[in-house]
Number of protein chains: 2
Amino acid sequence: MDAVYTAPGYLFRRMQQIAVAIFVEECKAYDLTPVQYASLVSIRTHPGIDATRLSAVIAFDRSTLGSVIERLEAKAYIERKPSPGDKRTKLLYLTKSGAALLRDIIPSVERAQARILQPLKPADRKTLMALLTQLVDLNNEASRVPLRAEGALEHLGKSG
Amino acid sequence: MDAVYTAPGYLFRRMQQIAVAIFVEECKAYDLTPVQYASLVSIRTHPGIDATRLSAVIAFDRSTLGSVIERLEAKAYIERKPSPGDKRTKLLYLTKSGAALLRDIIPSVERAQARILQPLKPADRKTLMALLTQLVDLNNEASRVPLRAEGALEHLGKSG
DNA sequence: TCCATATTGTAAGTATGCTGTCAATCGAGA
DNA sequence: TCTCGATTGACAGCATACTTACAATATGGA
């Protein structure tokens, strides 16, 4: 038996595969990927955020996020507007169509998230989520794009 | 606070990011990715396996595995030989160089796997791994490339 | 033997995810 | 004010991941 099957890295890769497959299956009517969904949700929460701050808020790579934004703009779910104060940045806003999509897709997303954990007993689901949340938080700095949920927005005039 | 932070799918994506980052950091002296490592280990365990069966054994997409194999061959860690019985398939073998690399890299890989779980208390590590193993197994069919660890080798003359 | 069907490797197309680099721009300090 | 360092978005390049499609080949049944 290959040792890889018991390695944490292998198991997390498998779970990521499985989670994405379930998400895509539940949401196929909407043609939206998990990454695109998370981006839309965060833009709704932080209207007028720029791409760099968005990448910190959802812990996506800045380079990758560029093409994600491009696709969301092509589908007319978001708009990019030049920043009045900073000629380098472009501010992101949901369109009406993007807001409507988000409203409609939420039941499918929740079904997907539930299906991921469904095979476990309810008590085990809670335990797993608690440990996973803890581990992600404690390992935050280990990834190349650490999550900066609040700190990233300090210069946006939204906090503090 | 964005709801995405508590979704299982989001947490698994983050852990995958973190696990890959730690693996790459620990193994950077060897220029080998997690996927390439898993492929080498499985080829060592199953010498003469073909690409399709390898993809089932490590639950990688068959298309993706093609380019992985190409890169491993370019680095001279594996060889592809035509199958005597089936003109369609090419059989995979570790080269001396590939076997040596695998021997040398193992301490780094083990360090990486340990680091991924390190922030948790030992008892919590065991709990998390047990639940994760269970969940991956129970969700096996949900991914597009289910693991077929043993069944995939039945036609290779290695089992039963 | 012949043929419908399946398998295998490969390729094209799309989407993350990361490493670099670069020009434009900004901001702070001399 | 001028200049140096940092930031921002964009791009190139590499590596997974998945979908679909296709030609070559195998295989089982008529």
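To find a chain, count down the sequence lines: A is the first, B the second, and so on, and within it residues start at 1.
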Using the salt bridge (Lys or Arg N to Asp or Glu O under 4.0 Å) rule, take B/Arg148 and B/Glu141 through it: C-alpha gap first, then chi angles, then the decisive distance, then the call.
CA-CA 10 Å; B/Arg148 301 264 181 262; B/Glu141 298 303 321; 3.2 Å; yes
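Among the atoms of the strands shown, only primed sugar atoms or phosphate atoms (P, OP1, OP2) are found under 4.0 Å from some heavy atom of B/Thr89. Base contact: A/Ser63 has a heavy atom under 4.0 Å from a base atom. Among the atoms of the strands shown, base atoms are found under 4.0 Å from some heavy atom of A/Thr64.
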Every protein N/O lying under 3.5 Å from an N/O of nucleotides 24-27 of chain C:
residue	atom	partner	partner atom	Å
C/dT25	O2	A/Arg88	NH1	3.4
C/dC26	OP1	A/Lys87	N	2.6

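Residues that satisfy the side chain to side chain donor-acceptor pair (under 3.5 Å) test with A/Lys87, not counting sequence neighbours, are absent from this structure. Scored by the side-chain contact (heavy atoms from CB on, under 4.5 Å) test, A/Glu110 finds A/Ile106 as partners (sequence neighbours excluded). Legend: residues meeting ring pair (Phe, Tyr, Trp, His ring centres under 6.0 Å) with A/Tyr10, ordered by chain and number and at least two apart, are A/Tyr5. Annotation: side-chain contact (heavy atoms from CB on, under 4.5 Å) contacts of B/Arg125 (sequence neighbours excluded): B/Leu117, B/Leu120, B/Pro122. Applying the side chain to side chain donor-acceptor pair (under 3.5 Å) rule to B/Arg62 yields no partners; only residues at least two apart in sequence or on another chain are considered. Contacts of A/Asp137 classified as salt bridge (Lys or Arg N to Asp or Glu O under 4.0 Å), with partners at least two apart in sequence or in another chain: none. Residues satisfying the side-chain contact (heavy atoms from CB on, under 4.5 Å) test with A/Gln36, not counting sequence neighbours, are A/Leu32, A/Thr33, A/Val68, A/Arg71, A/Leu72, A/Lys75. Not counting sequence neighbours, the partners of A/Ala51 by the side-chain contact (heavy atoms from CB on, under 4.5 Å) test are A/Ile69.
Taking atom CZ of B/Arg80 as the reference point, atom P of C/dT8 lies 15 Å away to the nearest angstrom. Taking atom CG of B/Asp31 as the reference point, atom P of C/dT19 lies 14 Å away to the nearest angstrom. At whole-Å resolution of the value, NZ in B/Lys81 and P in C/dT8 are 21 Å apart. Rounding to whole angstrom units, CG of residue B/Leu65 and C1' of C/dT8 are separated by 13 Å. Spacing between atom CG of A/Asp61 and atom C1' of C/dG20 amounts to 11 Å, rounded to whole angstrom units. The interatomic distance linking A/Glu70 (CD) with C/dA15 (P) rounds to 10 Å, in whole Å.
Under a 3.5 Å cut-off, the side chain of B/Tyr77 and the backbone N or O of B/Ala99 do not form any donor-acceptor pair.
Contact check of residues 135-143 of chain A against DNA chain C (heavy atom, cut-off under 4.0 Å) returns no residues at all. Near DNA chain C, meaning a heavy atom under 4.0 Å from it, residues 10-23 of chain B has B/Arg13, B/Gln17 in order of number.
Between B/Arg53 and the phosphate of C/dT8, there is a side-chain N or O to OP1/OP2 separation shorter than 4.0 Å.
Think of the region where chain A sits on DNA chain D: with heavy atoms and a 4.0 Å cut, that region ends 5' and 3' at D/dT7 to D/dC18.
Side-chain contact of B/Arg115 with B/Gln118: a donor-acceptor pair under 3.5 Å is absent, judged by distance alone.
At least one side-chain heavy atom of A/Arg44 sits under 4.5 Å from a side-chain heavy atom of A/Leu102.
Between A/Thr52 and B/Phe60, the residue whose closest nucleotide on DNA chain D is further toward the 5' end is A/Thr52.
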